[in-house]
Amino acid sequence: MLSVEEARERILSYFSVLPVEETQLVESLGQVLAEDLVAPFDIPPFANSAMDGYAVRAADTQGASNESPVELLVTGVVAAGQLPDHALESGTAIRIMTGASVPDDADAVIPFEDTDELERRESGGSSEAIAVHLQAETYDNVRGAGEDVQAGATVLESGQILRAGEIGVIASLGHADVRAIRRPVVAIVSTGDELLEPGAGHQPGKIYNSNAFSIAAMVSRYGGVPRIMGIARDTVESLEAALEDALDADLVVTSAGVSKGDYDVVKDVLSARGEIALWSVRMRPAKPLAFGVLDRKDGSKVPHLGLPGNPVSAMVAFEQFGRSAIRLMMGKPQAEKPTIEAIMDDPIRNFDGRRVYARVHVYRDDNDGYRARSTGNQSSGVLSSMARANGLAICPDDIGMINAGEIARVEMLDWPDDIF
Ligand code: AMP
Ligand code: MG
């Protein structure tokens, strides 16, 4: 039986990084940047005010205080987005708003709070002059051109993962698109005569196809583009037809049909269309796993991951193998799932020397440590205990049991996969 790591390594050897595409910035979250980005101009592009107030020459405010304010003549106003229409003359001030371009020859901004602005406004006094209550130092409240990024500087490097901050920086450079490694398209084929699509009326003897949706959600969460291909029945014709439409994806995922009972159809069809290996992986849930490649008409090949049918097995197997494949195709390093150590409230039993992934809810105890309690029935068909879980606690294959009160490693399901 293969270990999880051995199975993953074999699987990943069939994948490569996808080509680069031009992506709309708004769509690029989580993709890997495929170009160095050099600032074509300074950011900010011009010196601007950090406050609402008065642009002045700092020297003119020498000695200003509450007791001895300095009065300056107000010669104009400049709002954000406008350019000043004259330079600042000695002994004067220009009213200025946050983000507005600082007039030539001004070297500081006095915030309204440090002037008699409010008193004047309330008493209906003249706004032709302003009294300054504070001595300004040069560059006070002025954001210099290029303070953030200087023209010609490399702001972002190829290989960086695009997060909100990076995306904002790219927008600030004026780009609406960015070159990034393409997202993998993952076709999801569900198999089984018992399956109904959600939305259809309930029928006796049938269950709803939940796997397609939980797997599609995981594909999206890891940055891929899910394509739900519908349900193939347990016949050669039906499965062939479903696969035909799936072949142009970057990864074909099937669910069910790989356990002992009925995998013959899936296996026959898949081996007729490429090659397939059925593996037993030393894990619980999700021992039966199929992996192979399917031949496209043009002679190229597409990897195929055959997940077990049981809903929790399908999800746990996708976490371990599908996630890694998507990361590789997207050009991301093979980061482990974020893991913590927690004191178990409930035991994890390991019956047969496989690595057990137990559905748990991790919480903070009074001492700020982590504890984990079982989310209930651990049968591989019980999806509700997966929905209640925020982590998978691990009992290693060579340990028969982790008792309550002992420490287990927990893979956190929804923690960010990339922490830098
Ligand atoms: P199989 O691998 O076909 O033996 O399926 C194992 C178990 O998973 C059976 O109880 C199936 O009914 C169930 N199952 C298979 N496919 C799905 C699916 N798409 N959604 C929910 N349950 C499924
Ligand atoms: Mg079946």
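One-based numbering, in listed order, for ligands and for the atoms of each.
- Around CD of E9, the count of heavy atoms belonging to other residues, nucleotides or ligands within 6.0 Å does not exceed 12.
- Checked by atom type, the side-chain pair E319/Y222 shows a donor-acceptor distance below 3.5 Å.
- Residue contacts with ligand 1: P308 is excluded, as none of its non-hydrogen atoms falls under 4.0 Å.
- Proximity of A256 to ligand 1, defined as any heavy-atom pair under 4.0 Å, is shared by backbone and side chain alike.
- In terms of polar-atom proximity, defined here as any N/O pair under 3.5 Å, G257 does make such a contact with ligand 1.
- Heavy-atom proximity to Y208, at under 4.0 Å, picks out these atoms of ligand 1: 20 (N), 21 (C).
- Atoms of ligand 1 lying under 4.0 Å from at least one heavy atom of S255, given by number and element, are 19 (N).
- If you check the side chains of S385 and R359, you find a donor sitting under 3.5 Å from an acceptor.
- When the shell of 6.0 Å around OH of Y139 is examined, it contains 12 or fewer heavy atoms from other residues, nucleotides or ligands.
- Heavy-atom contacts of I207 reach the following atoms of ligand 1: 12 (O), 21 (C), 22 (N), 23 (C) (cutoff under 4.0 Å).
- Residues in residues 33-58 take part in these side-chain hydrogen bond (donor to acceptor under 3.5 Å, both in side chains) pairs, two or more places apart or across chains: N48-R143, D52-T98, Y54-R95, Y54-E117.
- Under a 4.0 Å heavy-atom criterion, G192 is not in contact with ligand 1.
- When ring centroids are compared, Y14 and F291 come within the 6.0 Å threshold.
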